[in-house]
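To keep things clear, I will list the structure first and then write my remarks on it.
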Amino acid sequence: MSFKRFLSTASLVCTALFASANGFAIDYVQNALARENISLNGQWNRIIDPYENGYYNHRYQPHTTEGYFKNAQMKTPSDLIEYNFATADKIQVPGDWNTQEEQLFLYEGTVWYQKDFALTKQADKRYIVHFGAVNYQAMVYINGVKVGSHEGGFTSFQFDITDYVKQGENSIVVKADNRRERNQIPTVNTDWWNYGGITRSVAILELPATYVEDYTVQLSGSDTTAIVAKVALAGSNVKQGGSVKVSIPELNIQEVITLNKKGEGQITAKANPQLWTPEAPKLYDVTIAFNGELIRDRIGFRTIAVDGEDILLNGKSVFLRGISIHEESPLHDGRAWNEDDARTLLRWAKELGCNFVRLAHYPHNETMVKMADEMGLLVWSEIPVYWTVMFEDKAVYAKAEKQLTEMITRDKNRASIILWSMANETPSHKARLTFITKLAKKARSLDDTRLITAAMDTQGNTANGKIIDDPLVAAMDVIGVNSYCGWYGGTPESCGNILWESKYNKPVIVSEFGAGALQGLHGDKDERWTEEYQASVYEHNIAMLEKMTALRGATPWILKDFRSPRRPLPDIQDFWNRKGLLSEQGIRKKAWYLLNAYYSKKEESSN
């Protein structure tokens, strides 16, 4: 019997709704930057603190009254204060510190950020500080008082600061620490740059005393004629109930959700929406009104399913013509974070012939996935359970589960996302199997409307090639395969003869293949680092792909060259991973055209 499971746009139950059932939830204001907010982007003061003197005293005990978080000022000439944010150097937020200052290029440790902001505080409002991301550890202080801390460099987080802000001038201080530790997610060894700092937007949300914290608007399972809207309140008077108005004018939907005493509610409305596809990425204006606040979103509706070795988008088999992307800006040095970055990266993917992108190896910024919705690119979104994390450690598992929950919570209303990825290139052993299987189960408990995958490089060998026999596949809906034939093993010419087998009746995405090339370096096709060698690897790997009967997509590695401290080779790498189809300046290499031609043929054959 074929395995067939229909999945709609996003059926993650609101965090407040699934808390009791699943035992874990996060407080998070959905679609944060669409709310009334005060942007804190721009110039901040910064102090580099490699010994963490601003946090610990000389006995290595946390300061209580003298830390940098107090932002103290001299009041008399005899005062001894050995720091001063007001006269410190400046740094731009959002932005990593590595590419803003040469002395910080390889720095890993603590940098303190400080900014003054003015607030007209209103008694009937709540104030939430929102961070798009801080890498890796963040401690946040308002007017010298700690309001919260967060671990994880690629997910958004928020703190209610209503009781800590005051009328007029206020100060916010952030201790950002990007030191790599063995018990982190990701762990100490990665193949991307460890950009430190406040890398995404910061804002203070100004909300009603009671407000809509979370909402989900989605198709009702496989029923494409019914839309379900769920809401959950937070704030001062949740128990008083009330009602929320949900409107989708283009579908003639204007529904009132009556809330229970927990501040929760949902409705189902009949509709006949145009289904979202890469060819026609239809988004509907959705408004949610409550307590004087009008929340606006743009949401698409589609189904995704697996049927044996097929991936079904809106009930039709789809081939995912993809590319992997790191969150590095195509327009400036360092982290990507804004709309121009996202539009450029995704435009390049579209020009390559893609209908799909793998956002590796961590959740990318919210602008990126919203832009994918708009531009019509399906998305694989991943958490950084990468290589050899400490699979035996329960505390490490808790960190991974929290990052997974934060990723799903933020992006559940995005039609473009069809795959949640649990991991990349993890070694096959019992503890890893338990760890990632548990993550997959958690993901399904939060969101049973998308497919689950992981990128695996643990294939076995056969007389004719490779066999997919990793037991982790049992927990996946779609199999991700990383294979670097012609680069890390074998010659390019040997790749085309490889035959793949699978023990599982499931669709396969070749989630990585490729080779390094310095753009502009030319030579024989057997000469490493030349564009000709990279093109040869692509030519023969594409021949291999064509023999894979279960293949339903590919995301070669990678769209453009990106920084990596693992890549020091002078005059070739210079701390860049050169596997991009584009150089760091966006110049196309020969392999770009080979993949573009392959995808053009795949697109033609599907029409």
Side-chain angles (χ1 to χ4, degrees), residues 8-10 12 28-37 39 41 94 130-133 154-158 199-203 205 212 214-219 229 248 250 273-288 294-302 304 322-323 325-331 335-350 354-360 362-382 406-420 447 449-450 559:
S8 63
T9 302
L12 170 67
Y28 187 79
V29 178
Q30 184 68 213
N31 199 15
L33 296 183
R35 314 294 184 104
E36 289 294 322
N37 71 82
S39 175
N41 291 351
H130 167 86
F131 290 86
F154 303 101
T155 48
S156 303
F157 60 96
Q158 302 164 349
T199 56
R200 298 177 188 163
S201 291
V202 186
L205 314 183
V212 174
D214 204 359
Y215 63 86
T216 307
V217 182
Q218 62 181 68
L219 291 178
I248 310 178
E250 198 172 348
Q274 176 184 331
L275 298 182
W276 186 100
T277 66
E279 297 75 25
K282 175 63 178 177
L283 299 176
Y284 289 90
D285 291 326
V286 177
T287 59
I288 298 172
L294 188 65
I295 306 163
R296 302 180 186 276
D297 207 340
R298 302 183 71 218
I299 295 176
F301 303 100
R302 55 106 190 97
I304 192 72
I323 192 70
I325 302 177
H326 258 304
E327 192 185 53
E328 280 198 345
S329 174
L331 305 173
R335 280 271 173 242
W337 66 272
N338 62 25
E339 184 174 315
D340 289 340
D341 289 332
R343 192 177 295 279
T344 300
L345 288 168
L346 296 181
R347 175 174 54 80
W348 285 345
K350 296 275 283 189
C354 295
N355 61 3
F356 177 55
V357 291
R358 179 187 179 204
L359 301 184
Y362 38 75
H364 287 215
N365 63 86
E366 190 170 9
T367 301
M368 191 72 163
V369 290
K370 286 188 173 183
M371 191 62 65
D373 269 12
E374 178 184 310
M375 294 178 66
L377 282 158
L378 296 158
V379 169
W380 163 317
S381 187
E382 188 165 290
E406 290 171 334
M407 174 178 71
I408 293 174
T409 299
R410 191 195 72 178
D411 292 336
K412 61 189 176 180
N413 286 312
R414 304 283 71 88
S416 54
I417 297 178
I418 58 170
L419 285 160
W420 299 126
D447 177 13
T449 73
R450 290 179 173 85
L559 180 64

Heavy-atom nearest pair, S156 first then H130, reads CB-CE1, 3.9 Å
When rounded to the nearest 0.5 Å, the distance separating CZ of R298 from CG of D373 is 9.0 Å
> Can you find a side-chain donor-acceptor pair between Y215 and N31 that sits under 3.5 Å?
Replying inline: yes
Got a sec: does the CZ of R296 have more than 12 other heavy atoms crowding it under 6.0 Å?
no
The ring pair (Phe, Tyr, Trp, His ring centres under 6.0 Å) partners of F157 (sequence neighbours excluded) come to F131, H150, F159
Yes or no on side-chain contact (heavy atoms from CB on, under 4.5 Å) for L345 and M368, after CA distance, side-chain angles and deciding distance? CA-CA 9 Å; L345 288 168; M368 191 72 163; 4.0 Å; yes
Less than 4.0 angstrom from a charged side-chain N to a carboxylate O is my criterion; do D447 and R450 meet it? yes
Distance col, row N41:CG vs W337:CH2, nearest 0.5 angstrom, shows 5.0 Å
Answer yes or no: is there a side-chain heavy-atom contact under 4.5 Å between T155 and Y28? no
Taking every heavy atom of H326 against every heavy atom of A360, the minimum-distance pair comes out as ND1-O, 3.4 Å
Point to revise | Side chain to side chain, S201 and N365, heavy atoms closer than 4.5 Å | key: no
Residues V369 and R410: closest non-hydrogen pair is CG2-NH2, 4.1 Å
All heavy atoms of V357 vs all of A349, minimum pair found to be CG1-CB, 3.9 Å
*Can we say R343 and E374 salt-bridge, meaning some charged N sits less than 4.0 Å from an Asp/Glu carboxylate O?*
yes
Rounded to the nearest 0.5 Å, the CG atom of L33 sits from the CG atom of L205 at a distance of 7.0 Å
Interatomic distance, CZ@R347 vs CG@L377, rounded to 0.5 Å, equals 12.5 Å
Note: Q30 and D214 closest approach over all heavy atoms is NE2-OD1, 3.3 Å
Taken to the nearest 0.5 Å, the spacing of H364 NE2 from M407 CE works out to 11.0 Å
Evaluate L378 against W276 for side-chain contact (heavy atoms from CB on, under 4.5 Å), listing each step before the verdict. CA-CA 10 Å; L378 296 158; W276 186 100; 3.4 Å; yes
Note: S416 and A372 closest approach over all heavy atoms is OG-CB, 3.8 Å
Sorted by chain and number, sequence neighbours left out, ring pair (Phe, Tyr, Trp, His ring centres under 6.0 Å) with F154 holds for Y362
task: Report yes if the side chains of L419 and V379 come closer than 4.5 Å at any heavy-atom pair, otherwise no.
output: no
Quick one: do L359 and E382 satisfy side-chain contact (heavy atoms from CB on, under 4.5 Å)? Show the steps, please.
-> CA-CA 7 Å; L359 301 184; E382 188 165 290; over 6 Å; no
Those residues at least two apart in sequence (or on a different chain) that pass side-chain contact (heavy atoms from CB on, under 4.5 Å) with D340 are L331, N338
*Below 4.5 Å, heavy atoms only, C-beta onward: do P330 and D341 meet side chain to side chain?*
yes
inquiry  = The test is side-chain contact (heavy atoms from CB on, under 4.5 Å); show your working for D297 and R414 and say whether it passes.
reply    = CA-CA 10 Å; D297 207 340; R414 304 283 71 88; 3.0 Å; yes
Value for CD1 (I325) from CG (L346), rounded to nearest 0.5 Å, stands at 5.5 Å
